[in-house]
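Letters A, B, ... are given to chains in the order of the sequence lines, protein chains preceding strands, and every chain is numbered from 1.
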Number of protein chains: 2
Amino acid sequence: MVAGPLPAPSGPGKDRLRLWIRLLRASRTIEAELRERLKKEFNTTLPRFDVMAALYRAPEGMLMSDLSRFLLVSNGNVTGIVDRLVSEGLVARARRNGDRRTSMVRLTEEGSQTFATIAAVHEGWIGELLGKVSEDDARRLTGMLTSFRSNWEGRE
Amino acid sequence: MVAGPLPAPSGPGKDRLRLWIRLLRASRTIEAELRERLKKEFNTTLPRFDVMAALYRAPEGMLMSDLSRFLLVSNGNVTGIVDRLVSEGLVARARRNGDRRTSMVRLTEEGSQTFATIAAVHEGWIGELLGKVSEDDARRLTGMLTSFRSNWEGRE
DNA sequence: GCAAATTATTTCAAGCTTAAAGTTTCATAT
DNA sequence: ATATGAAACTTTAAGCTTGAAATAATTTGC
């Protein structure tokens, strides 16, 4: 993964490979920048931000398994991140009457306010970091990636 | 990060934000699939594959700091991955006469052959996973991502 | 020549990540 | 009722990841 500038081999499968490498490098580059800024400016991490973003969109709460599916990470992973957010008072687990295996996870009032603050700044960062991508290209790129997702979800 | 299907807010910065989310989800989706296949088929990991891919392109070897820069990961990170590859006999460190702080890291003969095998299969996977992206879209996407990279590299 | 700054790397602590195994609870079929 | 199995979650072990501190070697400025 993450091969880079050099010979530029050609052939049948090479175009897709080159696309994948570019895609991966672009997202890693941006991710690294965001991680650094989240740490410096808000003393938090990308995974915590991801979880909070998911919960912010679901005021009624989410199950752990919902979070895991939505964030594309493993089940056990979410446990740890939520544990930390709980211990920081940003997230709460609520046991449910119906099914005692599950717990609804949601932002606390503090968590919600904290997230709103960070999210606003975050959106500005993205605007800055992707600012050189023209409106047109941004829309085209988004469209292609959306159709990639549709194809993926509907595969075999 | 990784927000998903839902309201679809609109506004000035929202287009870039949506693009970023799509980009991140696409690369995470593909990455997860590759990670799983590398584990199942070759009992290896993505980071190991990345390091070996970098070294494969540099038969004369690379410094640790070159690897770190090239792979967009921290210095300390590379140390651990290379340690494991060395203990598996796939990579070798060679101390240099000139500068004794540094060591040239390169693939062993076994490492080179192992990587060639995996890389061939890997390329097929990418072709499969990105197969639904048309040739045209692939070229366009690659072009946009390339110009993103140029802009990024040339920012103050 | 030698102290100070710089460079290359490793070590460390904390946190993230996965896959697999374990626990508790629920649903179902006897 | 009670076994059997499935579901939701947590725990565990191994590995990845970062940022910061430590170590060692080189270069620079007097």
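For B/Thr79, counting side-chain heavy atoms from C-beta on, the closest listed nucleotide (D/dT10, C/dT10, C/dT18) is C/dT10. The nucleotide whose nearest atom lies closest to any side-chain atom of A/Pro47 is, among C/dT9, C/dT17, D/dT18, C/dT17. In this structure, of C/dT18, D/dT18, D/dC9, it is D/dT18 that holds the atom nearest to the side chain of B/Val73. The A/Ser74 side chain lies nearest to C/dT18 when the options are D/dG15, C/dG15, C/dT18.
Within the 4.0 angstrom heavy-atom criterion, base atoms lie near A/Gly76. Heavy atoms of B/Arg48 sit under 4.0 angstrom from primed sugar atoms or phosphate atoms, though from no base atom. Within the 4.0 angstrom heavy-atom criterion, no nucleotide atom of any strand lies near A/Arg95.
Using a 4.0 Å cut-off, no side-chain N or O of A/Arg93 falls inside it from OP1 or OP2 of D/dA8. Look at B/Ser65 and you'll find a side-chain N or O under 4.0 angstrom from OP1 or OP2 of C/dT9.
We find that CG of A/Asp83 is positioned 12 Å from P of C/dG15, with the value rounded to whole Å. Nucleotide D/dA14 holds its C1' atom 14 Å from the CG atom of A/Asn77, rounded to whole Å. Rounded to an integer number of Å, the gap from CD of A/Glu88 to C1' of C/dG15 is 11 Å. Atom CG of B/Leu34 and atom C1' of C/dT17 are 16 Å apart (whole Å). C/dT10 atom P lies 11 Å from atom CG of B/Leu67, rounded to whole Å. Atoms CD (B/Glu33) and P (C/dA19) sit 11 Å apart, rounded to a whole Å. Between the CZ atom of A/Arg35 and the C1' atom of C/dA14 there is a distance of 15 Å, rounded to whole Å. Taking atom CG on B/Leu71 and atom C1' on D/dT18, their separation rounds to 15 Å, with Å as the unit.
In this structure the side chain of A/Ile118 reaches within 4.5 angstrom of the side chain of A/Thr114, judged on heavy atoms.
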Would you please test A/Arg37 and A/His122 for side-chain contact (heavy atoms from CB on, under 4.5 Å) and show each step? CA-CA 9 Å; A/Arg37 293 188 183 195; A/His122 172 265; over 6 Å; no
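Side chains of B/Thr142 and A/Arg18: a donor-acceptor N/O pair is absent below 3.5 angstrom, by distance only. B/Thr146 and A/Arg22 share a side-chain donor-acceptor pair at under 3.5 Å.
For A/Asp66 and A/Lys40, each mapped to the nucleotide of DNA chain D holding its nearest heavy atom, the one lying further toward the 5' end belongs to A/Asp66. With the nearest nucleotide of DNA chain C identified for both A/Ile81 and B/Asn75, B/Asn75 has the one nearer the 5' end. Where B/Glu36 and A/Thr45 each meet DNA chain C at their nearest nucleotide, the meeting point lying more 5' is that of A/Thr45.
Between B/Phe115 and B/Phe49, the gap from one ring centroid to the other is short of 6.0 Å.
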Using atom names, set out every protein N or O paired with an N or O of nucleotides 25-29 of chain D below 3.5 Å, distance rounded to 0.1 Å.
| unit_1 | atom_1 | unit_2 | atom_2 | d |
| --- | --- | --- | --- | --- |
| D/dT26 | OP1 | B/Gly98 | O | 3.4 |
| D/dT26 | OP1 | B/Arg100 | N | 3.1 |
| D/dT26 | OP2 | B/Arg100 | NH2 | 3.2 |

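With respect to B/Phe148, the side-chain contact (heavy atoms from CB on, under 4.5 Å) criterion is satisfied by exactly one of A/Ile30, A/Leu129, A/Asp137: A/Ile30.
Taking a 6.0 Å sphere around CZ of B/Arg106, one finds it holds 12 or fewer heavy atoms contributed by other residues, nucleotides or ligands.
Residues B/Met52 and B/Leu63 do not share a hydrophobic cluster, defined by chaining ILVMFWY side chains whose heavy atoms lie under 4.5 Å apart.
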